Amino acid sequence: MRVLGVDPGLTRCGVGVVEGVAGRPLTMRGVGVVRTPADAELGLRLVAVEQGIERWLDEYAPEYVAVERVFSQHNVRTVMGTAQASAVAMLCAARRGIPVALHTPSEVKAAVTGNGRADKAQVGAMVTRLLRLDAPPKPADAADALALAICHIWRAPAQNRLQQAVAQNRLQQAAAPYAARAASQAAPHHASKGRTA
């Protein structure tokens, strides 16, 4: 499984590609940051983010894209930029038919470090160890993108089984009325004999 992790941001959008399967050693294929100038017009910055992500999709052809789920912070302006960059990443993937998964920061931290409140240094250290790198990727946005990809690879099998079970259950529930009707129609009918006067 090859996953592009995206740590969304307008000034720095972290991107990282990890390949492997749960339970086996993982391999980093690429890591970096898509940057946009803070003084540029918003629309142009979003186009720059899109072009950057498209280049990564072209080069690495991931099977999945894992994006950090935007959560509310005190700085509304930062949240807006993060949400806009996140939407661009999802759009780029959806346009190519690549499935997108959203993971919360605490979910990613818990998956990679075992602690949902780990700091950026702990996440970077574990990403370095898990991917057998010489040093933590810089800046932290790049390490976070790799952590997102790792989280998705490790959680995808369980999520897929859960989704399949839910889908199977829905199918059974949807089919139940038809099965009951078919069973009642197949059952032998005993006509009661009426009396004639």
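Heavy-atom basis, side chains included; hydrogens, waters and symmetry copies ignored. Predicted model, so just to flag it, every value in this text is computed and none were measured.
- Between Q51 and V34, every side-chain heavy-atom pair lies at or beyond the 4.5 Å cut-off.
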| request: Could you walk me through whether V6 and M90 pass side chain to side chain contact (heavy atoms under 4.5 Å, CB included), step by step? | output: CA-CA 10 Å; V6 179; M90 290 188 280; over 6 Å; no
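- Looking at T36, its side chain does come within 3.5 Å of a backbone N or O of L10 through a donor-acceptor pair.
- One hydrophobic cluster, built from ILVMFWY side chains closer than 4.5 Å, cannot hold both L4 and V33; they sit in different ones.
- Residues A83 and V70 come closest through the heavy atom pair CA-CG2, 3.7 Å.
- Residue pairs meeting the ring pair (Phe, Tyr, Trp, His ring centres under 6.0 Å) criterion with at least one partner in residues 30-59, sequence neighbours excluded, are W56-Y60.
- The two atoms that bring G32 and A142 nearest to each other are O-CB, 3.8 Å, heavy atoms only.
- Shown here for A111 and R155, the closest heavy-atom pair between the two residues is CB-NE, 3.8 Å.
- Within the structure, the salt bridge (charged side-chain N to carboxylate O under 4.0 Å, His left out) test picks out the following pairs touching residues 5-25 (sequence neighbours left out): R2-E19, R12-D141, E19-R29.
- Side-chain atoms of S86 and R69 form no donor-acceptor pair, as typed in the model, at a separation below 3.5 Å.
- Atom CD in E50 sits 10.5 Å away from atom CZ in R55 (nearest 0.5 Å).
- No donor-acceptor pair closer than 3.5 Å links the side chain of R117 to the backbone N or O of S106.
- Within the structure, side chain to side chain donor-acceptor pair (under 3.5 Å) contacts touching residues 120-140 (residues at least two apart or in different chains) are K120-D144.
- Across G5 and A149, no two heavy atoms sit closer than the pair N-CB, 4.0 Å.
- Taking the side chain as every heavy atom from C-beta outward, L130 and L26 never approach each other to under 4.5 Å.
- Looking only at side-chain heavy atoms (C-beta outward), L42 and Q84 come within less than 4.5 Å of each other.
- The minimum heavy-atom distance linking P137 with L146 is given by the pair CG-CD1, 3.6 Å.
- Screening L148, V3, L102, L57 for a side-chain contact (heavy atoms from CB on, under 4.5 Å) involving V65 leaves a single residue, L57.
- Counting heavy atoms from C-beta outward, E68 and V108 have side chains that stay 4.5 Å or more apart.
- V127 is not listed as a side-chain neighbour of P136, based on a closest heavy-atom distance of 4.5 Å or more.
- From M126, atom CE reaches atom CG of L131 across 10.0 Å, with rounding to the nearest 0.5 Å.
- Residues A89 and V67 share a closest heavy-atom pair of CB-CG2, 4.2 Å.
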